[in-house]
Amino acid sequence: MESAPFPIVSKLLTFGRALRRTGVDVHPGRLLDVVEALGHVNVGSRDEVYHTCRALLVHRHEQLALFDRAFDAFWRGPGRDDGRPRRDGTREVEIETFALQELRDDFTGGESNNAGSREDGLPTWSDLGVLAT
Amino acid sequence: MFRGIDILPESISDLQQRLSDQHYVADRGLATALFLALRLKRPLFLEGEAGVGKTALAAAAASALGTDLIRLQCYEGLDIGHAVYEWDYPRQLLELRILDATHTLDRASAHRELYSEPFLIRRPLLQAIDPARARPAVLLIDEIDRADEEFEGFLLELLAEFQITIPELGTLRATVPPLVILTSNRTREIHDALKRRCLYQWIDYPSFDKELAIVRARAPEASARLAEQVTAMVQELRRADLYKVPGVSETIDWVTALVALDRQSLDPETVDETLGVVLKAREDLALVRGRQAADMLERATVRSTPRA
């Protein structure tokens with residue numbers, strides 16, 4: 001991992017955390033697999049990003065519905081999110097919203113995100129070093 | 001990327017099209033998972049009820065990629081001898097007798113000779129990782145849920161290294177690792193350790209539209225009306241409380257049988273006469289045949305009738 005920090009990694013880590021909270025057991029190593037896999041598909045297509053994440057992050061049939069809900073909330077475009085915690089069965093799930101556009105920017109070298117200085121305590125690139133070891 | 005598959009699909013759509021050329025209707029999710037399995041060199045783990053087309057995908061993928069399909073059917077008690085390799089004991093014994101009779105028996109060389117490749121029986125897993133193989137094969141490990149857990153552990157190791165050590169011969173390592181497709185009917189849970197190594201895909205019974213597309217592709221000689229009626233009828237049957245729910249291959253078998261009987265459409269008598277093609281359990285036949293089948297046919301016919 002010598003490449004420059006990609007904001008997408010931080011987003012995926014956040015997504016992974018959101019998934020874990022819903023009860024989907026996500027291993028940090030799998031998130032790195034997702035990063036690699038996204039290099040092979042069209043990240044401009046929500047559908048392809050969805051299927052890629054699902055194939056790598058879910059490995060139980062019972063978790064598919066949970067994953068769908070988390071993905072929906074997480075990758076929803078801006079404007080549709082009320083910014084409040086969502087209810088998922090008995091657990092309260094905070095799901096941060098990111099636009100797919102940002103994901104696309106990460107790959108096309110568009111405007112970069114301030115991944116290292118988030119104020120909301122989301123995992124950042126520097127946290128990744130800890131997780132990856 | 002797989003070396004040797006020079007016709008690796010360029011995109012998910014390309015792969016989807018190639019599968020469709022093999023008369024396999026894959027939805028976007030399945031095509032994406034298979035595409036990534038090829039790109040990331042990871043096994044693909046397919047789960048779903050019996051008869052949803054898991055095994056058929058492996059066959060279609062091998063044809064679509066222009067390579068061999070090697071199939072390992074799992075069962076309780078499956079061991080290394082049947083999954084990986086075995087020494088051909090009768091042949092070794094025969095050779096030993098010949099050596100003995102011709103008085104050419106020298107202990108060291110006899111041992112070397114008897115445990116050499118001509119006496120080795122290559123089972124599916126060894127065939128798939130054969131170093132002499134120039135093109136990666138598609139290795140189908142079918143119904144892994146039927147094998148014992150110890151075998152699962154062995155498989156986990158094999159899938160990590162793609163090598164097998166035969167004490168008498170040494171270590172054989174795949175030059176080109178195969179595309180591995182595992183299937184499970186979920187008769188028991190498979191260890192997460194194995195599943196985590198794979199790309200996971202759940203395959204459901206197809207929707208009416210998808211199943212109709214499959215039937216049209218696999219039984220093109222059936223009339224449009226017959227194909228629609230049979231598909232709708234099987235979809236109705238899947239809603240009933242059956243002991244053995246019909247799979248897609250049963251739908252295709254039924255249509256094909258009706259074509260052979262020269263039927264252009266379904267009527268209650270034909271359903272009762274041929275229902276055995278699609279319902280394989282005696283209890284199910286007894287339950288459905290007659291009144292319930294007629295009701296189902298009525299609903300199925302309404303459903304399959306094109307809206308004017």
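These numbers come from a predicted model, not from an experiment. Every chain is numbered from 1 and lettered A, B, ... according to where its sequence line falls, protein lines coming before strand lines.
- At most 12 non-hydrogen atoms from other residues, nucleotides or ligands lie less than 6.0 angstrom from CZ of B:R218.
- Once rounded to the nearest 0.5 Å, the distance linking CD of A:E48 with CG of B:L36 reads 9.0 Å.
- Around the OH atom of B:Y75, the shell of radius 6.0 Å holds more than 12 heavy atoms that belong to other residues, nucleotides or ligands.
- Between B:R42 atom CZ and A:L56 atom CG the span is 6.5 Å, to the nearest 0.5 Å.
- By the side-chain contact (heavy atoms from CB on, under 4.5 Å) test, B:Q163 is found to be paired with B:E161, B:T171, B:R173, residues two or more places apart in sequence or in another chain being considered.
- In this structure, no portion of A:N42 lies under 4.5 Å from any heavy atom of chain B.
- Highest contact tally toward chain A, considering only B:E47, B:Q201, B:R28, is held by B:R28 [criterion: heavy-atom pairs under 4.5 Å].
- Within the 4.5 Å cutoff, no side-chain heavy atoms of A:R54 are placed close to those of B:T32.
- Atoms CG and NE2, from B:L199 and A:H59 in turn, are 12.5 Å apart once rounded to the nearest 0.5 Å.
- In this structure, A:R60 and B:E189 have side chains that are in contact, with non-hydrogen atoms separated by less than 4.5 Å.
- Within the 4.5 Å cutoff, side-chain heavy atoms of A:H61 are placed close to those of B:Y200.
- B:R39 contributes atom CZ, which lies 12.0 Å from atom OG1 of A:T52 (distance to the nearest 0.5 angstrom).
- Note on B:R186 versus A:E62: salt bridge recorded, some NZ/NE/NH1/NH2 to OD/OE distance being below 4.0 Å.
- Side chains of A:H51 and B:L30 form no contact here, defined as non-hydrogen atoms less than 4.5 Å apart.
- Both the backbone and the side chain of B:R196 come within less than 4.5 Å of a heavy atom of chain A.
- With A:Y50 contributing its side chain and B:G29 its backbone, the two residues share no donor-acceptor pair below 3.5 Å.
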